[in-house]
Amino acid sequence: MEKSLVIYNTLTRLKEKFEPINSPNVGMYVCGPTVYGDAHVGHARSAINFDLLYRYLVHLGYKVRYIRNITDVGHLENDADEGEDKIGKKARVEQLEPMEIAQYFTNRYHSNMDQLNVKRPSIEPHASGHIPEQLEMIQTLIENGFAYESNGSVYFDVEAYNAKYNYGKLSGRKLEDLMANTRELDGQSEKRNPFDFALWKKASPYHIMQWNSAYSKGFPGWHLECSVMSTKYLGEKFDIHGGGLDLMFPHHECEIAQSVGTHGHESVKYWMHNNLITINGQKMGKSLGNFITLDELFSGSHALLEKAYNPRVVRFFILQAHYRNPLDFSNESLIAAEKALARISEAMEQLKKMNPSATTTALNVDDFVNNCYAALNDDLNTPILLSYVFETVKSINIAATGKEGISQTDIQKLSQFIDMLLNEILGIEMEQISESSGEVFNQVVDLLLNLRIDAKKNKDFATADRIRVELSNMGFTIKDTKDGFEWKRN
RNA sequence: GGUCGGUUGGCCGAGUGGUUAGGUACCAGUCUGCAAAACUGUGUACAGCGGUUCGAAUCCGCUACCGACCUCCA
């Protein structure tokens, strides 16, 4: 913990020392889901990576206020689509209130996140609950000369903004390039420039979700809620804003413009973006139809999946890659992660029942601990962190064979640290050993396996194998050891 | 087309100007009645071509391929 946390700031494209604006308080805002469909593996990656950051900041002793929003305002599916929005469309098709749709998918999102052991944020604000605040910001932007009303809608004037500030600094875009490359879409005639974006959109009669305003009955633009809710709960300046790489442009770029246009200065000190996920090497996209929902992943029901994957395996798998690199989902790599995780579990059990030796020769516990912190401090380098964990796993296994030793003190130190690391920081809840099943139950299994030992002594291998085969068919794993046996339920 | 990023061993995935990443798979060995687990050993990995350097997979250039964003998406 001597070394301090360094994080990569998208804004500067550099790794920067993390220094909170008002230490020990940290304000952190992460873009949450639009609740009109089930959460998929992409949502999982973003949520898990920022959950890791949140947990680690708390572990380091910071007081973190963590905001993750719910987008439940029916934004338009695209600019060309005049009347329909995602939530409203679903509501119409299924004959439900839009808010029923939003609540339904919010509930499902929460349950998936719980399965992945993602902690709930400190505040989870809803866009629909902050319409007045959004209208206030629109008014300020108009007054400041960065927004204009047109036919009941209000647009952000990118050109006016860019004359004074720098539009495109986050994503590295230049306004001239945008001018040269903007496509002509329908329904944009209200805008002064095609790259202007909506702050308020006049609703068509079909549009179910709409609110009254001075401009029209309508709904807010989809970038606005994050600017409004982040500053409302974290202040005009806060530490971290996170989200998926795909949100960098235009969403986060527009957020910067809105905040600067409103307050005259930037709000966010560190912008962090997690990279995206591919499925069997291919982009995961709605149009490609290859996105896998978390329910499908956990139940194995998607056609691309060979089996069900436990949420903790999924979490571990995601943490095996660095968050700023793309990550490919495939059966082969998920199965590899499943086995790797089991290896850690086994070693932890070995460690806890190991006979201590007088001195520790198998490894250096302090080095291990320091290495782990160094990896986390280096922009949350979990792959490196896990490589240290696996080296330690090997050392534990060697010590378990008796070739090397670990002292009582170090056994305790090591197992406490790894428990803390896995449960508290990485959020991978380790499997509990079969204790939970009940005394009598355990005694019965032990009895069967003792009978098997007797059979083996009598060279009655048919009986011995039968006990092992039938128990394993029932979901037990049986291992023979020098002095008896070990078992666990899968 | 514009902007940006990537190409590492069967697969996943780190990293670095000179030292074994790690996981998983495969093969062989130890152990075992047989398995499983564990341990040990083996793999001529850094897209191609040039350049800089005592030395490059790591820096530079070119080529090829892939991807992201530019349109809703984590």
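Quick note: numbers below take in every heavy atom, side chains included, and nothing from hydrogens, waters or symmetry partners.
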Quiz item: Which dot-bracket notation, 5' to 3', represents the base pairing of RNA chain B when pairs are defined as Watson-Crick or G-U with both distances under 3.5 Å, crossing pairs as [ ], and inter-strand pairs as |?
Solution: (((((((..(((.....[...)))..((((.......)))).....(((((..]....))))))))))))....

Quiz item: Under the criterion side chain to side chain contact (heavy atoms under 4.5 Å, CB included), which of A:His273, A:Arg68, A:Glu255 is the partner of A:Cys31?
Solution: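 By the side chain to side chain contact (heavy atoms under 4.5 Å, CB included) criterion, A:Cys31 pairs with just one of A:His273, A:Arg68, A:Glu255: A:Glu255.
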
Exercise. Have a look at A:Leu297 and tell me which of A:Asn310, A:Leu334, A:Asn112 forms a side chain to side chain contact (heavy atoms under 4.5 Å, CB included) with it.
Key: A:Leu334

Give a yes/no answer on whether the side chain of [X] brings an N or O atom under 4.0 Å of OP1 or OP2 in [N].
| X | N | answer |
| --- | --- | --- |
| A:Asn275 | B:G5 | no |
| A:Asn397 | B:A37 | no |
| A:Asn274 | B:A74 | no |

Quiz prompt | Options B:C34, B:C69, B:C4, nucleotide nearest the side-chain atoms of A:Arg173 | solution =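 Nucleotide nearest to A:Arg173's side chain: B:C69.
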
Quiz item: Out of B:C70, B:A14, B:A74, which has the shortest distance to the side chain of A:His322?
Solution: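 The nucleotide sitting nearest to the side chain is B:A14.
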
Quiz prompt | Under 3.5 Å: donor-acceptor pair, side chain of A:Asp51, backbone of A:Lys119 | solution =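 Yes; judged by distance alone, with no hydrogens or angles, the pair exists.
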
Quiz item: Counting N and O atoms only, with roles assigned by atom type, does the side chain of A:Asn325 sit under 3.5 Å from a partner on the main chain of A:His322, one being a donor and the other an acceptor?
Solution: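 No: the side chain of A:Asn325 does not pair with the backbone of A:His322.
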
Self-check item: Plane angle bin for A:Trp222 and A:His251 - parallel if under 30°, tilted between 30 and 60°, otherwise perpendicular
Solution: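 Parallel: the ring planes of A:His251 and A:Trp222 meet at under 30°.
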
[X] NZ/CZ over [Y] ring centroid, <6.0 Å and within 45° of normal:
| X | Y | value |
| --- | --- | --- |
| A:Arg452 | A:Phe485 | no |
| A:Arg173 | A:Phe249 | yes |
| A:Lys307 | A:Tyr309 | yes |

Quiz item: Taking atom C1' in both B:U32 and B:G15, what distance in whole Å separates the two?
Solution: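 To the nearest whole Å, 39 Å.
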
Quiz item: How does protein reach along nucleotides 21-30 of chain B, written 5' to 3' as B (base within reach of a heavy atom under 4.0 Å), S (only sugar-phosphate), or - (no contact)?
Solution: BSSSS-----

